[in-house]
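Have a look at the structure below before the remarks.
Order of the sequence lines fixes the chain letters, A, B, ..., with proteins taken first and strands second; residue numbering starts at 1 for each chain. As the structure is a prediction and not an experimental result, all values here were calculated from the model.
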Protein chains: 2
Amino acid sequence: MTDLDSDSDLPERKRGSGARMVYDLLRDEIIDLKLAPGSPIDEVQLAERFKMSRTPIREALVRLAGEGLIETLPNRSTMVSNIDFLNLHTFFDALVLMYRVTTRLAAQYHRPEDLVVIRRFHEDYAAAVKAHDALAMIATNAAFHSAIAEAGRNPYFTSLFRRILDEGRRILRLYYRSYEEQFPQRFVEEHAELIAVIAARDVEGADRLARAHAEQIVRQIQTLFSRQERLDMAL
Amino acid sequence: MTDLDSDSDLPERKRGSGARMVYDLLRDEIIDLKLAPGSPIDEVQLAERFKMSRTPIREALVRLAGEGLIETLPNRSTMVSNIDFLNLHTFFDALVLMYRVTTRLAAQYHRPEDLVVIRRFHEDYAAAVKAHDALAMIATNAAFHSAIAEAGRNPYFTSLFRRILDEGRRILRLYYRSYEEQFPQRFVEEHAELIAVIAARDVEGADRLARAHAEQIVRQIQTLFSRQERLDMAL
DNA sequence: TGTCGATTTCTTGTCGACAAATAAAATACA
DNA sequence: TGTATTTTATTTGTCGACAAGAAATCGACA
């Protein structure tokens with residue numbers, strides 16, 4: 001009752017940082033499904049929670065809406081965006097293509113220091129698999145591929161890819177209980193192979209591997225999804 | 001001197017429409033280079049011009065910044081984004097790929113009513129060419145390809161593609177005086193061919209044509225660009 | 001009891017004002 | 001005359017308050 005959901009105790013706040021902070025935090029909570037799709041978002045409530053006025057809150061919400069993470073009904077309410085299960089195939093199309101093109105460009109344009117970063121996230125992911133920490137797998141996998149995209153140095157692609165990876169994290173979280181069993185060591189090995197072809201600047205190989213890897217993930221999600229559907233029908 | 005740049009006389013304004021209106025108008029002015037890259041953007045000035053408070057102005061600016069059309073230095077100023085000539089190749093890469101994938105998907109997923117819209121923009125473009133109206137060519141060409149992307153029904157791709165088309169419009173405006181000579185009837189014919197393969201649901205043909213079309217445009221821009229460079233060197 | 005209309009409530013959209021941060025201008029000093 | 005420092009000016013970031021719009025509630029009436 002006292003101080004229940006106050007993200008507490010950051011009374012020190014620099015001038016321009018309010019909106020940024022709210023944006024980052026809300027984004028994380030949405031992607032981690034701490035805020036469920038469809039949850040209402042109340043400006044005054046957030047203002048109280050973060051102990052600031054509605055203005056910087058509003059700015060954060062406008063940015064989140066721009067990225068499609070929340071939806072706002074004019075004059076009425078704003079809520080966390082729902083996941084569009086009916087059009088999942090558009091998500092899959094975009095996912096596969098962006099996996100391919102970012103990996104390809106990474107093979108072409110990466111610099112040595114990029115590999116250091118990529119390898120670090122690779123190790124993080126491997127550690128998460130070893131620890132059977134599904135939630136950490138989701139996060140580090142996204143970070144790994146985001147780093148590869150970064151090495152490709154095409155801001156148009158990286159920005160879209162990030163958005164897709166974010167949405168992918170939301171979808172995977174839905175099933176995270178199920179895929180400790182399914183998210184195998186195999187992905188770790190595939191990541192290692194990806195690093196190898198990138199380092200070798202093998203563009204075609206990068207494309208081929210990235211495609212196979214992406215389609216693997218798509219199948220994984222589809223399996224989880226259809227299993228869930230059968231579960232729903234049983235009710 | 002009196003009432004020089006007031007976009008005048010819309011005292012009637014509905015409640016939620018302020019930010020939207022400013023956003024649309026600024027976006028147009030940026031894309032049409034009425035606001036040159038690097039131009040400072042002053043919130044109070046805009047507030048006076050549109051006769052509203054800074055709050056809705058600010059919302060519009062936040063959205064524009066989210067799309068990369070303006071850049072804002074914390075606590076200091078905000079200005080129209082510059083065109084990154086040094087990394088034009090990333091723009092070209094994204095342009096070609098998005099031309100291909102959106103046209104491809106249009107061939108796959110379009111519905112009959114989509115073709116009506118596409119053909120209408122095609123005619124608009126043809127009319128602009130006939131009229132030697134370079135500015136109208138730029139706008140209608142973008143609208144044409146945007147409509148094709150819409151028919152592909154993948155919001156991830158359409159949103160990125162729109163952003164790229166907007167940037168392309170800015171770049172083309174720089175040279176619009178030069179390409180009345182160069183923007184030939186040929187593009188009209190290529191557009192007609194694109195419509196044909198889409199209508200025939202010929203996916204591979206759509207890919208091939210879109211690619212050729214896009215690379216044509218890229219070469220066009222590169223020609224204009226290098227010509228301009230030689231001109232600069234002559235100074 | 002059910003339906004339609006008025007009223008209340010709740011949330012957002014807009015406003016004007018103030019404070020902080022930074023750049024520009026002015027001043028002091030060598 | 002040139003440089004360092006203080007002062008001013010300008011622009012943004014934040015705040016609290018108020019009003020409009022839409023849903024929910026309540027009440028009248030059949």
**OP:** Quickly work out the B:Glu71 CD to D:dT11 P distance and round it to whole Å.
**Re:** 19 Å
Original post:
Of all the choices, D:dG16, D:dT11, C:dC15, which nucleotide is nearest to the side chain of B:Met52 once you look at every atom?
Top reply: C:dC15
**OP:** Please state whether the phosphate of C:dC15, meaning OP1 or OP2, lies under 4.0 angstrom from any side-chain nitrogen or oxygen of B:Ser53.
**Re:** yes
Original post:
Could you give the CE-to-P distance, from A:Met79 to C:dT12, as a whole number of Å?
Top reply: 13 Å
Subject >> salt bridge (charged side-chain N to carboxylate O under 4.0 Å, His left out) pairs, two or more places apart, involving residues 139-156 of chain B >> reply: B:Asp114-B:Arg153, B:Glu150-B:Arg162
Subject >> With B:Arg119 via salt bridge (charged side-chain N to carboxylate O under 4.0 Å, His left out) - residues at least two apart >> reply: none
Subject >> Partner residues of A:Glu67 under the salt bridge (charged side-chain N to carboxylate O under 4.0 Å, His left out) criterion, sequence neighbours left out >> reply: none
Subject >> Reading 5' to 3' through nucleotides 18-24 of chain D, protein heavy-atom contacts under 4.0 Å coded B for base, S for sugar-phosphate only, - for none >> reply: -BBBBS-
Original post:
Roughly, in whole Å, what's the span from CD in A:Glu43 to C1' in D:dT14?
Top reply: 15 Å
Original post:
So what does B:Thr72 touch, heavy atoms closer than 4.0 Å: a base, only the sugar-phosphate, or nothing?
Top reply: nothing
**OP:** Calculate the interatomic distance between A:Leu61 atom CG and D:dT14 atom P; express it in whole Å.
**Re:** 14 Å
**OP:** Quickly work out the B:Asp42 CG to D:dT12 C1' distance and round it to whole Å.
**Re:** 10 Å
Original post:
Checking all strands, does A:Ile41 fall into the base, sugar-phosphate, or nothing category for heavy-atom contacts under 4.0 angstrom?
Top reply: sugar-phosphate
Review item, side-chain donor-acceptor pairs of residues 91-100 of chain B, under 3.5 Å, at least two apart:
unit_1	atom_1	unit_2	atom_2	d
B:Arg100	NE	B:Asp207	OD1	2.7
B:Arg100	NH2	B:Asp207	OD1	3.3
B:Arg100	NH2	B:Asp207	OD2	3.3

**OP:** Return the value, rounded to whole Å, for the distance between atom CD of A:Gln45 and atom C1' of C:dC10.
**Re:** 13 Å
Subject >> Whole angstrom value for the distance that separates C1' of C:dT14 from CZ of B:Phe50 >> reply: 16 Å
Original post:
Contact class for A:Ile57 vs. all strands (heavy atom < 4.0 Å): base, sugar-phosphate, or nothing?
Top reply: nothing
**OP:** Decide whether A:Asn154 and B:His89 meet the rule of one side-chain donor and one side-chain acceptor closer than 3.5 Å.
**Re:** no
Original post:
Just how far, in rounded Å, is P of D:dT12 from CD of B:Glu59?
Top reply: 17 Å
Subject >> Partners passing salt bridge (charged side-chain N to carboxylate O under 4.0 Å, His left out) against A:Asp42 (at least two apart in sequence or in another chain) >> reply: none
Original post:
Is the shortest distance from a Lys or Arg side-chain nitrogen in A:Arg170 or A:Asp32 to a carboxylate oxygen in the other one below 4.0 Å?
Top reply: no
